[in-house]
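Index from 1, following the sequence. Only a predicted model underlies this, so the values are computations on that prediction, with no experimental measurement involved.
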Amino acid sequence: MISKLDSVLMTQKKFIFHYKNVRWARGRHETYLCFVVKRRTGPDSLSFDFGHLRNRTGCHVELLFLRHLGALCPGLCGSSVDGARICYSVTWFCSWSPCSKCAQQLAHFLSQTPNLRLRIFVSRLYFCDEEDSLEREGLRHLKRAGVQISVMTYKDYFYCWQTFVARRERRFKAWDDLQQNSVRLIRKLNQILQPCETEDLRDVFTLLGL
């Protein structure tokens, strides 16, 4: 799972198929998660590791990642030998945004581990078309838990290509509409995560009978 060897990196074809930010993502039933874990035990001590996972039968990839935290983040719930607090910063690049149940479990886990910071980049938004969808509320729940959620742009795809893909010196080539689709998804995510002040005022006016 965790290695920098070409033999365990994603193939070019697999990365492009699963991470392509197409509007209608037919046939993409798996979720891939590329991660970078940074470990800091002091102002001058920093190490990192990286790898990728995909969901397994009966376990979504986000929760699968949590199962491996013991190996990825030793001492996460404790301190180092000299008593210093061990802080971890984790960055995910996900082909789909988390479902509502995974979002709730992630938020709960993060509330128990204040020395772990999580940043999530997503290629596509999972079941977020409906305004009252549970998945939208799940993303808002993650934001309230301190998670920074962003949509992947060209530079993020380029970084993933350089870091997680067996590219064999082939440069990343953007597909048609990559930028256009990123902009569309960024707007949708912003609408989901920003407070709906207009709706809140509308509820107040309703209560006041106005």
Side-chain angles (χ1 to χ4, degrees), residues 1-5 8-10 14-15 18-19 21 30-56 59-81 84-126 135 138-153 155-165 182 185-186 189 192-193:
M1 178 193 68
I2 309 163
S3 178
K4 305 166 185 63
L5 302 176
V8 296
L9 295 176
M10 295 180 66
K14 183 176 294 184
F15 174 79
H18 286 285
Y19 277 85
N21 61 349
E30 293 179 315
T31 300
Y32 278 78
L33 186 158
C34 297
F35 63 85
V36 177
V37 177
K38 295 182 180 180
R39 177 176 184 264
R40 185 179 293 278
T41 56
D44 302 316
S45 177
L46 179 67
S47 61
F48 73 97
D49 207 338
F50 65 87
H52 77 273
L53 293 166
R54 67 176 176 85
N55 60 298
R56 304 291 181 181
C59 186
H60 287 192
V61 69
E62 297 90 347
L63 303 185
L64 188 61
F65 180 88
L66 294 184
R67 291 183 181 181
H68 293 281
L69 268 183
L72 286 168
C73 304
L76 176 64
C77 299
S79 59
S80 61
V81 177
R85 185 76 167 180
I86 303 177
C87 296
Y88 287 94
S89 176
V90 177
T91 303
W92 288 356
F93 299 90
C94 301
S95 57
W96 287 105
S97 61
C99 71
S100 60
K101 291 183 179 180
C102 286
Q104 292 175 6
Q105 293 190 51
L106 283 172
H108 176 73
F109 180 84
L110 291 170
S111 69
Q112 306 299 313
T113 51
N115 53 326
L116 174 65
R117 296 178 58 189
L118 176 62
R119 186 177 186 185
I120 301 177
F121 291 86
V122 300
S123 176
R124 298 180 301 271
L125 297 175
Y126 180 75
E135 274 60 40
L139 295 179
R140 288 190 284 264
H141 197 41
L142 284 176
K143 182 183 179 181
R144 290 193 292 269
V147 179
Q148 184 175 349
I149 310 171
S150 305
V151 168
M152 292 177 68
T153 61
K155 64 181 181 64
D156 303 311
Y157 288 109
F158 180 84
Y159 173 81
C160 287
W161 182 266
Q162 296 290 111
T163 308
F164 304 106
V165 178
S182 287
L185 290 167
I186 288 171
L189 181 61
I192 293 171
L193 297 181

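- Partners of T113 under the side-chain contact (heavy atoms from CB on, under 4.5 Å) rule, at least two apart in sequence or in another chain, are L76, C77, F109, L110, N115, L116.
- The shortest non-hydrogen separation linking P98 to A103 is CB-N, 4.4 Å.
- Here the side chains of I120 and Q148 are not in contact, with every heavy-atom distance at 4.5 Å or above.
- In this structure, M152 CE and C160 SG are separated by 4.0 Å, a value rounded to the nearest 0.5 Å.
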side-chain contact (heavy atoms from CB on, under 4.5 Å) between V90 and V36, intermediate numbers included: CA-CA 6 Å; V90 177; V36 177; over 6 Å; no

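- Under the ring-ring contact (aromatic ring centres under 6.0 Å, His included) criterion, F93 pairs with F121, Y159, not counting sequence neighbours.
- Looking at heavy atoms from C-beta onward, W92 lies in side-chain contact with L106 at the 4.5 angstrom threshold.
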Exercise. Could you walk me through whether S89 and R119 pass side-chain contact (heavy atoms from CB on, under 4.5 Å), step by step?
Key: CA-CA 8 Å; S89 176; R119 186 177 186 185; over 6 Å; no

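- By the side-chain contact (heavy atoms from CB on, under 4.5 Å) test, E30 is found to be paired with H18, Y32, R54, N55, residues two or more places apart in sequence or in another chain being considered.
- The side-chain contact (heavy atoms from CB on, under 4.5 Å) test applied to L185 returns N21, L125, V151, not counting sequence neighbours.
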- Task: Please test T31 against H60 for side-chain contact (heavy atoms from CB on, under 4.5 Å), starting from the C-alpha separation and ending with a verdict.
- Result: CA-CA 8 Å; T31 300; H60 287 192; over 6 Å; no

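- Remark: L189 CG to S150 OG distance equals 7.5 Å, nearest 0.5 Å.
- A 4.5 Å side-chain heavy-atom check between F164 and F15 finds every atom pair outside the cut-off.
- Among residues two or more places apart in sequence or in another chain, the side-chain contact (heavy atoms from CB on, under 4.5 Å) test is passed with Q104 by H141.
- Distance alone, capped at 3.5 Å, is enough to place a donor-acceptor pair between the E135 side chain and the S100 backbone.
- In this structure, the side chains of C102 and L63 come closer than 4.5 Å at one or more pairs of heavy atoms.
- Applying the salt bridge (charged side-chain N to carboxylate O under 4.0 Å, His left out) rule to R67 yields no partners; only residues at least two apart in sequence or on another chain are considered.
- Within the 3.5 Å criterion, the main-chain N or O of Y126 finds a donor-acceptor partner in the side chain of S97.
- Counting all heavy atoms, side chain and backbone alike, A145 lies closest to A107 at CB-CB, 3.8 Å.
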Item to check | CA sep, side-chain torsions, deciding dist, call: T91, V37, side-chain contact (heavy atoms from CB on, under 4.5 Å) | outcome: CA-CA 7 Å; T91 303; V37 177; over 6 Å; no

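- Considering only heavy atoms from C-beta on, I86 comes within 4.5 Å of R39 through its side chain.
- Contact annotation: the side chain of L72 approaches that of F65 to within less than 4.5 Å [non-hydrogen atoms, C-beta and beyond].
- With hydrogens and angles left out, the side-chain atoms of Y157 and S182 include no donor and acceptor closer than 3.5 Å.
- At least one side-chain heavy atom of T163 sits under 4.5 Å from a side-chain heavy atom of F50.
- Taking the side chain as every heavy atom from C-beta outward, Y19 and C94 never approach each other to under 4.5 Å.
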